[in-house]
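Here is the structure we will look at.
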Amino acid sequence: MDQHRHRSATWEGRVHLPRVDEPLDQDQEWCEVQEGQGRLRLRFHDYAELYRRTGLYEHLFYGLLGCCSPERVAGMLAELRSDGLCTGPLRVLDLGAGNGMLGEELRKLDAEAVLGVDIIEDARVAAGRDRPGVYDDYLVDDLTNPSAATLTRLTDFRPTCLSCVAALGFGDVPPLAYFSALAHIPVGGILAFNIKSDFLDHRYTFGFSELIRRMIGEQYIRFEATRRYQHRRNVRGEPLYYTAIIATKLAEVPESLLVDER
């Protein structure tokens, strides 16, 4: 048993999903975790609490709920590169890096360097604990208002690719934070991300959904490949569909494209 499975296996039988009659929004989902003689309720988006418990994040999302997004997005980028697209040195700025599951997949693509960025200190600690060596550096900062030190580090890193998986559309990575990261990607650079498929519907005229629509419509980015797939199951066992996207940055994106972040 590899280390990842061993960490996850320690939670077997200790994580309980709720029985709910009506569907819950993804940012409202929760579970109960057996700790000692009692149970602790944790929301799925209580990332700091999940990361502090070694193996819990993997067991919940990848074991119980079947999440496959890091492999899907990284795999699609690998396919394009093997077909002669999205080539060149791969220096990845991994936004919303969490505990390093996407970073680990990016390393399999022979990425030259990978820099993690997250707003949660517990994410940085978890990545270093569970996946040492995956990131060349890991910054903890709020990119809606980044520090001078963070801006300098991002500039010095010279990223050619911006990745962001399972963090867009629910406010985990606000559009302004994504915009700030995108500003460090050169024209011709690659964007690799995913988003809930529903959020690409024309009815969603706010937040990251509208930002994508405007960037495509005004030709600031070009989609190279998209793929709809089952991201994971919800607490009721029903499929949640996301769309993986690989795009090329065609021009510098103006701040005027940012919209209401509801």
By salt bridge (Lys or Arg N to Asp or Glu O under 4.0 Å), which residues pair with R236, not counting sequence neighbours?
E238

Any pair with a residue in residues 116-139 that passes ring pair (Phe, Tyr, Trp, His ring centres under 6.0 Å), sequence neighbours left out, goes on the list, sorted by first then second residue, please.
Y135-Y138

Derivation and outcome, salt bridge (charged side-chain N to carboxylate O under 4.0 Å, His left out), residues D201 and K196
CA-CA 10 Å; D201 189 281; K196 189 173 182 179; over 6 Å; no

Sequence neighbours excluded, the answer for ring pair (Phe, Tyr, Trp, His ring centres under 6.0 Å) partners of F44 is F61

Between N234 and Q26, is there a side-chain heavy-atom distance shorter than 4.5 Å?
no

Establish, from distance only, whether the side-chain atoms of Y47 and D118 form a donor-acceptor pair under 3.5 Å.
no

Kindly assign one of parallel, tilted or perpendicular to the pair Y178 and F208, based on the angle between their ring planes and the thresholds 30° and 60°.
perpendicular

Do N194 side-chain atoms and T243 backbone N/O form a donor-acceptor pair below 3.5 Å?
no

Determine all donor-acceptor pairs shorter than 3.5 Å in which one atom belongs to a side chain in residues 163-170; sequence neighbours excluded.
from: S163; atom 1: OG; to: D94; atom 2: OD1; distance (Å): 2.9

State which residues pass salt bridge (Lys or Arg N to Asp or Glu O under 4.0 Å) with E12; sequence neighbours excluded, sorted by chain then number.
none

Less than 6.0 Å separating the ring centroids of H59 and Y57?
no

Min side-chain heavy-atom separation V125-Y51 under 4.5 Å
no

Not counting sequence neighbours, list each pair that qualifies as a salt bridge (charged side-chain N to carboxylate O under 4.0 Å, His left out) and has a residue in residues 35-46.
E32-R39, E35-R53, R43-D46

Counting distance only, does the side-chain N/O of R129 pair as donor-acceptor with the main-chain N or O of N99 below 3.5 Å?
no

Set out, in order, the CA-CA distance, both residues' side-chain angles and the distance that settles side chain to side chain contact (heavy atoms under 4.5 Å, CB included) for L93 and L115, then state yes or no.
CA-CA 5 Å; L93 170 54; L115 171 65; 4.1 Å; yes

Side-chain atoms of residues 181-190: list all donor-acceptor pairs with protein atoms under 3.5 Å, sequence neighbours left out, distances to 0.1 Å.
none

List the atom pairs, with distances to 0.1 Å, where a side-chain N or O of residues 72-82 and a protein N or O form a donor-acceptor pair under 3.5 Å, not counting sequence neighbours.
from: E79; atom 1: OE1; to: R227; atom 2: NH2; distance (Å): 3.1
from: R81; atom 1: NH1; to: C86; atom 2: O; distance (Å): 2.6
from: R81; atom 1: NH1; to: G88; atom 2: O; distance (Å): 3.2
from: R81; atom 1: NH2; to: G88; atom 2: O; distance (Å): 3.0
from: S82; atom 1: OG; to: A78; atom 2: O; distance (Å): 3.4
from: S82; atom 1: OG; to: E79; atom 2: O; distance (Å): 2.7

Taking only residues two or more places apart in sequence or in another chain, which ones pass salt bridge (Lys or Arg N to Asp or Glu O under 4.0 Å) with E29?
R232

Expected output: side-chain T144 to main-chain L176 donor-acceptor under 3.5 Å
no

Going by side-chain hydrogen bond (donor to acceptor under 3.5 Å, both in side chains), name the pairs with one or both residues in residues 146-155, residues two or more places apart or in two chains.
D137-R153, D141-S147, D141-T150, S147-T150

Just jot down the ring pair (Phe, Tyr, Trp, His ring centres under 6.0 Å) partners of Y62, sequence neighbours excluded, or say none.
none

Please check if the side chain of W11 supplies one atom and the backbone of T54 the other of a donor-acceptor pair under 3.5 Å.
yes

Listed once per pair and sorted, the salt bridge (charged side-chain N to carboxylate O under 4.0 Å, His left out) pairs that draw on residues 108-117, sequence neighbours left out:
R91-E112, E105-K108

